[in-house]
Each structure stands twice: as structure tokens, then as C-alpha cells.
Amino acid sequence: MGDLHEALTAIQQQRILWQRYVAAGVTPEVPTGISDVQVAWQQVSADLAELDAPLGRTTPRRVSHPCRCTSSPTCSRSSPPSPTC
């Protein structure tokens with residue numbers, strides 16, 4: 001029963017976030033071009049990893065995926081949550 005309550009609480013938090021960024025009554029949908037954003041993010045991540053070697057960084061740079069932050073109820077970013085995450 002606790003898992004169900006946690007799931008419903010998380011869904012409610014996502015609903016609240018969604019309502020901040022859309023007009024009333026709009027249903028969630030995957031934004032056009034989201035796959036392009038994913039490819040761009042992967043390229044930036046690879047570029048940063050490539051720059052680490054000449055800079056002497058031995059530990060990998062941790063770049064958080066945009067969906068991980070914006071889908072979190074505690075995220076302070078101004079971008080809307082991604083419904084695909």
C-alpha cells in the first residue's frame with residue numbers, strides 16, 4: 001500500500017509541475033524535436049569528455065541529463081518537465 005501512495009504522490013507532483021507550464025486543459029504530449037535535443041545532449045557530453053583528457057581530468061565529468069532535473073518536483077529550473085522521462 002505504501003508503494004501505491006508514493007506513486008500517486010509522485011504523479012500528483014508531476015501534474016502540478018505540468019500545470020505550471022501549460023494552459024488549463026492541455027494534455028501532456030512529447031514535444032516536437034525532443035529526439036534532436038537528446039542527440040545534442042549526447043554530443044555535448046561526448047565533447048566534454050574529450051576535453052577532459054588534455055585538461056588532466058581523470059574522473060569523468062558528471063553532466064546531469066536535463067530530464068532528470070526538470071522532472072524532479074524539487075527542480076529549480078524554469079524549463080518545463082519532459083513528459084518522456
Side-chain angles (χ1 to χ4, degrees):
M1 187 88 136
D3 292 340
L4 177 60
H5 177 72
E6 289 174 24
L8 291 173
T9 300
I11 290 168
Q12 178 63 22
Q13 291 171 343
Q14 289 177 350
R15 183 174 175 260
I16 291 168
L17 284 173
W18 177 257
Q19 290 174 341
R20 282 187 197 165
Y21 301 105
V22 297
V26 175
T27 56
E29 62 183 48
V30 177
T32 304
I34 194 73
S35 60
D36 296 334
V37 172
Q38 174 68 23
V39 170
W41 175 81
Q42 289 173 337
Q43 184 61 51
V44 167
S45 182
D47 290 348
L48 288 174
E50 196 173 315
L51 287 172
D52 282 342
L55 294 174
R57 287 185 63 104
T58 56
T59 57
R61 181 182 304 265
R62 293 187 61 156
V63 179
S64 60
H65 190 281
C67 293
R68 289 193 184 116
C69 177
T70 58
S71 65
S72 167
T74 59
C75 179
S76 61
R77 286 190 185 179
S78 59
S79 57
S82 172
T84 61
C85 299

Euclidean distance, Arg57 CZ relative to Leu48 CG, rounded to 0.5 Å
9.5 Å
Would you check if the side chain of Trp18 reaches a backbone N or O of Val26 as a donor-acceptor pair within less than 3.5 Å?
yes
4.5 Å side-chain heavy-atom contact, Leu17 and Arg20:
yes
Is Thr9 reaching over with its side chain to a backbone N or O of His5, donor-acceptor style, under 3.5 angstrom?
yes
